[in-house]
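Chain letters run A, B, ... following the sequence lines, proteins first and then strands; every chain starts at 1. No hydrogens, no waters, no symmetry mates; every other heavy atom, side chains included, goes into these values.
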Amino acid sequence: MPELPEVETVRRGLDRFVVGRRIDAVEVGRERSVRRTSRQAVIDGLNGATILRAERRGKYLLNPLDTGDTLMIHLRMTGQLLLAEPGAERPPHTHVAMHLAADPARGLEPAELWFVDARTFGEVVVFDPEFVETELPEVAKLGLDPLVDAPTVTDLATVIGRRHMRMKPLLVDQHVIAGIGNIYADEILHRARVHPDTVASTLRRKDFVLLHDAMLSILTAAVRAGGSSLKDNTYVDLMGEGGSYQEDHRVYARAGERCMTCGRGVIRRLPFGGRSTHFCPVCQREKRGGASPTRPRAAR
DNA sequence: AAACAAACCTGTGCGC
DNA sequence: TGCGCACAGGTTTGTT
């Protein structure tokens, strides 16, 4: 569920309410949430540690600790991080609870930080960042982060311009660009007027300009709105508040509706690369060379 | 290199 | 109301 804007919103909550505090105790309920290492490794790695910073790379939350280790949390589909008062009743599927010490300097009372995750795809890991390549290889291999790395149009063109992948699967590929998921990929392609089936290597400079602008403006606007919360309200921030960017979605979950941009097309929903994809057939006209199933390639 | 399916789990919404 | 099935924001792995 959570993509870059949602994870960034959570990161900001951590920055504000959790950074600088010591973890006095840790409870791990379900072992699956800490499967990367073990229950004991997470407990030992966090007990007595102080969280120095709250960082994010793609959809990964990275929190350096004063022990030299880093606490990584990935929410995957249904994970949540919630701040609560000590002893408060925990929601179902609360798998990890960290007891945070007070921070009198900032007027913060003791609190609990909960990792809640119904589907248990998410995970909590304590690792040594010096060995990120072996301990968390996927983090080491993440592509450009649109906000952290602030890539230019040329950076974007360099990273995706020689790929023969279709744009929808490419945008959600974390090795290429980190942080974009199914919702924002659809929104970005629509704003850039690029059909999801367009092969990346056929794009022109003007397309990269449009994609770059769409990516940056949509992601920053979504962060400003606190992310997108869908009907099930699975995504909420640290304080349990939903975001409002879903109100600005132009194509995602709008199949069958008239396009709000051109007023002519009707939003379609089709699987691309196995993911349901929403687009306006008028705004995002398929161009020649973009979408043939057997892509003829001149030998060279 | 790229496409595709399956796997990991649970909850929800829909058609009947 | 109840049942069964399709589907869901992510990512990895194994095959073509």
Side-chain angles (χ1 to χ4, degrees), chain A residues 1-10 29-36 56-61 72-81 91-95 115-125 136-143 159-188 196-202 218-219 222 225-237 242-243 245-246 249 251-256 269-278 290-297:
Chain A
M1 145 218 124
E3 306 181 27
L4 188 152
E6 291 75 35
V7 179
E8 174 62 17
T9 302
V10 172
R30 194 147 164 188
E31 196 109 36
R32 186 172 147 73
S33 299
V34 296
R35 61 192 174 280
R36 180 84 57 142
R56 179 191 60 74
R57 190 145 185 99
K59 301 168 195 168
Y60 293 75
L61 287 165
M72 188 287 278
I73 297 165
H74 198 304
L75 305 174
R76 286 299 215 286
M77 297 283 264
T78 52
Q80 301 176 329
L81 275 181
H93 310 294
T94 302
H95 305 310
F115 175 75
V116 179
D117 187 10
R119 283 173 80 178
T120 66
F121 289 174
E123 50 180 333
V124 176
V125 182
L136 275 179
E138 66 268 38
V139 170
K141 288 190 228 152
L142 284 175
V159 168
I160 70 181
R162 297 169 74 99
R163 296 273 191 152
H164 296 157
M165 221 187 286
R166 291 124 88 218
M167 282 306 293
K168 174 61 189 273
L170 186 145
L171 272 191
V172 298
D173 185 335
Q174 304 300 298
H175 307 295
V176 182
I177 299 170
I180 296 171
N182 210 38
I183 296 177
Y184 294 100
D186 286 359
E187 294 299 318
I188 289 166
D197 210 21
T198 309
V199 172
S201 58
T202 65
I218 285 175
L219 294 177
S228 302
S229 291
L230 305 185
K231 286 180 205 153
D232 59 9
N233 225 27
T234 291
Y235 164 68
V236 290
D237 67 12
Y245 194 71
Q246 67 281 0
H249 292 175
V251 288
Y252 186 83
R254 294 196 186 279
R269 177 179 179 276
L270 291 174
F272 277 97
R275 316 288 271 108
S276 92
T277 299
H278 313 74
S292 56
T294 53
R295 159 180 19 104
R297 304 262 323 138

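- Partners of His278(A) under the ring-ring contact (aromatic ring centres under 6.0 Å, His included) rule, at least two apart in sequence or in another chain, are Tyr252(A).
- Rounded to whole Å, atom C1' of dA3(B) lies 17 Å from atom CG of Leu171(A).
- Neither OP1 nor OP2 of dT10(B) sits under 4.0 Å from any side-chain N or O of Arg32(A).
- Gly274(A) comes within contact range of no nucleotide atom at all, as no heavy-atom separation falls under 4.0 Å.
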Worksheet, complete the sentence: For DNA chain B, the dot-bracket notation using Watson-Crick and G-U wobble pairs below 3.5 Å, [ ] for pseudoknot-type crossings and | for other-strand pairs, is .|||||||.|||||||
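- Heavy atoms of Lys59(A) sit under 4.0 angstrom from primed sugar atoms or phosphate atoms, though from no base atom.
- Between Tyr60(A) atom OH and dT11(C) atom C1' there is a gap of 7 Å when expressed in whole angstrom units.
- At the phosphate of dG10(C), OP1 or OP2 sits under 4.0 Å from a side-chain N or O atom of Arg275(A).
- With hydrogens and angles ignored, the 3.5 Å screen pairs a side-chain donor or acceptor of Gln246(A) with a backbone N or O of Ser229(A).
- Looking at heavy-atom distances under 4.0 Å, Tyr252(A) makes contact with sugar-phosphate atoms alone, never a base.
- Among the heavy atoms of the strands lying under 4.0 Å from Arg269(A) are primed sugar atoms or P, OP1, OP2 only; no base atom is included.
- Going from atom NE2 of His175(A) over to atom C1' of dT11(C) covers 8 Å, rounded to whole Å.
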Practice prompt. Applying side chain to side chain donor-acceptor pair (under 3.5 Å), run through Thr120(A) and His95(A) and close with a yes or a no.
Written response: CA-CA 9 Å; Thr120(A) 66; His95(A) 305 310; 6.0 Å; no
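- One interatomic measurement links the two molecules: CD1 of Ile183(A) to P of dG10(C), which rounds to 7 Å at whole-angstrom precision.
- Straight-line distance from the CG atom of Leu170(A) to the P atom of dT11(C): 15 Å, rounded to whole Å.
- Scanning all heavy atoms of the two residues, the minimum distance from Phe121(A) to Met77(A) falls at CD1-CG, 3.7 Å.
- Stacking annotation: Phe121(A) is not stacked on the base of dC9(B) (requires ring centroids less than 5.5 angstrom apart and an interplanar angle below 30 degrees).
- When atom types are taken as modelled, the side chain of Arg254(A) and the backbone of His249(A) share a donor-acceptor pair closer than 3.5 angstrom.
- Judged purely by atom type and a 3.5 angstrom limit, Thr9(A) has no side-chain atom pairing as donor or acceptor with the backbone of Asp237(A).
- Computed from coordinates, the Leu136(A) CG to dG10(C) C1' distance equals 15 Å when rounded to whole Å.
- Side-chain nitrogen and oxygen atoms of Ser276(A) include at least one within less than 4.0 Å of the OP1 or OP2 phosphate oxygen of dA8(C).
- When the P atom is used for both dA6(C) and dA5(B), the distance is 15 Å, rounded to whole Å.
- Each of Lys231(A) and Thr120(A) has a nearest nucleotide on DNA chain B; the 5'-most of these lies closest to Thr120(A).
- Side-chain N/O atoms of His93(A) include none lying less than 4.0 angstrom from OP1 or OP2 on dC9(B).
- Among the protein residues, Arg35(A) comes within range of no part of the nucleic acid, since none of its heavy atoms lies under 4.0 Å from any strand.
- A straight line from CZ of Arg76(A) to P of dT11(C) spans 6 Å, rounded to a whole angstrom.
- Side-chain proximity of Met165(A) to dT12(C), dA8(C), dA3(B): nearest is dA3(B).
- Between Ser276(A) and Lys168(A), the shortest heavy-atom contact is O-NZ, 3.4 Å.
- Contact between Leu75(A) and Gln80(A) at its shortest, heavy atoms only, is CD2-N, 3.9 Å.
- At a cut-off of 3.5 angstrom, the base of dA1(B) holds no donor-acceptor pair with the side chain of Arg163(A).
- Between the C1' atom of dA8(C) and the CD atom of Gln80(A) lies a distance of 15 Å, rounded to the nearest Å.
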